Protein chains: 2
Amino acid sequence: MMRCSVSAVMGLRERKKLAAWRTIRSTALRLIDERGFDAVSVEDIAAEAGVSRTTFFSYFASKEAVVFDLDPDEVRQWQALLENCRTDTPVWEALTDIALGLARLLADRLPLQKRLLDQSPGLCRTARGACDGFEPELREWLGRRCPDADDVRTALVLNTAMAAFTTAAEAWNPNQPYEEFLELVSDCLRWAGAGLAHPTG
Amino acid sequence: MMRCSVSAVMGLRERKKLAAWRTIRSTALRLIDERGFDAVSVEDIAAEAGVSRTTFFSYFASKEAVVFDLDPDEVRQWQALLENCRTDTPVWEALTDIALGLARLLADRLPLQKRLLDQSPGLCRTARGACDGFEPELREWLGRRCPDADDVRTALVLNTAMAAFTTAAEAWNPNQPYEEFLELVSDCLRWAGAGLAHPTG
DNA sequence: CCGAAAGCCGTACTGAGTACAAGTTCTTAC
DNA sequence: GTAAGAACTTGTACTCAGTACGGCTTTCGG
């Protein structure tokens, strides 16, 4: 076991799985972009991607997941982002860095996601999905980072940071250059960090 | 039209509608409390309440709505809360007052809702529902209150306040006295208002 | 009391999500 | 290389939320 030839780096099975994942996802995004989220059924996606409906649901937990789930590569980057985080800076600064890192990580797909959210009412419910998917890992990270802190306070920090990120995502116009979004994220986190009871500074 | 006899205060039609609403709602909460959200179908609720499935959906937009929607009486109280808000205090203070007023308004049902959320995975997705339902009106209120403010900043204030409220609701144990929850709401809003970048104060 | 509006119900449909058994493809240990 | 077995795919069949609609009953206004 664990031979080191090229094909053993990632077995045929794994490679096929990743390829299927990407085919399904890109097919789904294309169709949804063309017709709108509600006008595309899972059936349509599966057929167009050349798999069965059953298989679609073995890759994605729901129809919405196909819009929001991360590519395995991106998952690795996201994990690296959390791991390589400086531990000598204040928590809020570290969180800001993570938020900006995440924003950069999502640069390819967020504009599309934003457009879909803006036009597809059926997707609004999960608007938070764009960011909520990262909550469990972030929570864990925060717990490791501040093991002695008050639970409520920690949760508040996390939820507020996510609210700031979401606010930036909502305010941003996907036709603007991505830099604008990064600045919005930065602004929102700075404001929330400084305290919203104070007048704008 | 517009006679002032007793029966004209609220026509028979309206009274029946309100009665039906309350019957459906209380039936639903009872069943869901007994068996869990996912183990109760809309069919069950409708049957037990003595109406048709169709009628259920004419009263509630979704199965989740029956858990979170406000009683018309509560809607009036909620609107009054927004209207009677002092305009001479800083926004964040006013928001804190509203949050506390809302918490008091929900005192009857929030413990039950919290219990349901804690145990019913199917409801988690809408966890925000407990508070998101108030967003549109709050947003409007904020817009009226600060017509000249930066849109992003305003949205951030709103989203952060809701995050604080949600954090309190998540942290609170429904078996604790309700006072604890009110204090949590107050704490979370105070912290967020003071700025999360600063150490606990 | 009569017409119009509002409300209720049964029926029938779409589409998401799950369960499962049978078939296919890859892996691995020999 | 091959055979046992794990992992993956697929079709089928089901449950349930949510929508559309036509017909019936109740209430309202005059």
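Nothing here was measured: the structure is a model prediction, and the numbers come from that model. Chain A is the first sequence line, chain B the second, and so forth, proteins listed ahead of strands; every chain is numbered from 1.
Atoms CD (A/Glu14) and P (D/dA7) sit 12 Å apart, rounded to a whole Å. What separates CZ of B/Arg15 from P of D/dT27 is a distance of 10 Å, to the nearest Å. In this structure, B/Phe37 atom CZ and D/dA17 atom C1' are separated by 10 Å, rounded to whole Å. Atom NZ in B/Lys17 sits roughly 6 Å away from atom P in C/dC8 (whole-Å rounding). Summarising the geometry, the separation between CZ on A/Phe60 and C1' on C/dA16 is reported as 16 Å, rounded to the nearest angstrom. Rounded to a whole Å, the CG atom of B/Asp38 is 13 Å from the C1' atom of D/dT15. D/dC8 atom C1' lies 18 Å from atom CH2 of A/Trp21, rounded to whole Å. Rounded to whole angstrom, the span from the CZ atom of B/Phe57 across to the C1' atom of D/dA20 amounts to 13 Å.
Between B/Arg30 and B/Asp33, none of the side-chain N atoms (NZ, or NE/NH1/NH2) sits under 4.0 Å from a carboxylate O, so this pair counts as no salt bridge. Using a 4.0 Å cut-off between charged side-chain N and carboxylate O, A/Arg190 and A/Asp187 make a salt bridge.
Of the candidate nucleotides C/dA16, D/dT10, D/dT26, C/dA16 has the atom lying nearest to any side-chain atom of A/Lys63. The side chain of A/Ser41 sits closest to C/dG15 out of C/dG15, D/dT12, D/dA17. The side chain of A/Arg13 has D/dA7 as its nearest neighbour among D/dA7, D/dA17, C/dC9. Among the nucleotides D/dT10, D/dT27, C/dG17, the one closest to the side chain of A/Val51 is D/dT10. Of all nucleotides listed (D/dC8, D/dT19, C/dA16), D/dT19 comes nearest to the side chain of B/Arg53.
Not counting sequence neighbours, the partners of A/Phe56 by the ring-ring contact (aromatic ring centres under 6.0 Å, His included) test are A/Phe60.
At the heavy-atom level, A/Tyr59 lies under 4.0 Å from the strands shown only through sugar-phosphate atoms.
More than 12 non-hydrogen atoms from other residues, nucleotides or ligands lie less than 6.0 angstrom from CD of B/Glu34.
For the residue pair A/Asp151/A/Thr154, the side-chain donor-acceptor check at 3.5 Å is not satisfied.
Checking B/Lys16 against B/Val42, the closest nucleotide of DNA chain D that is more toward the 5' end is the one next to B/Val42.
Side-chain atoms of A/Thr54 come within donor-acceptor range of the base of D/dG11, with a qualifying N/O pair under 3.5 Å.
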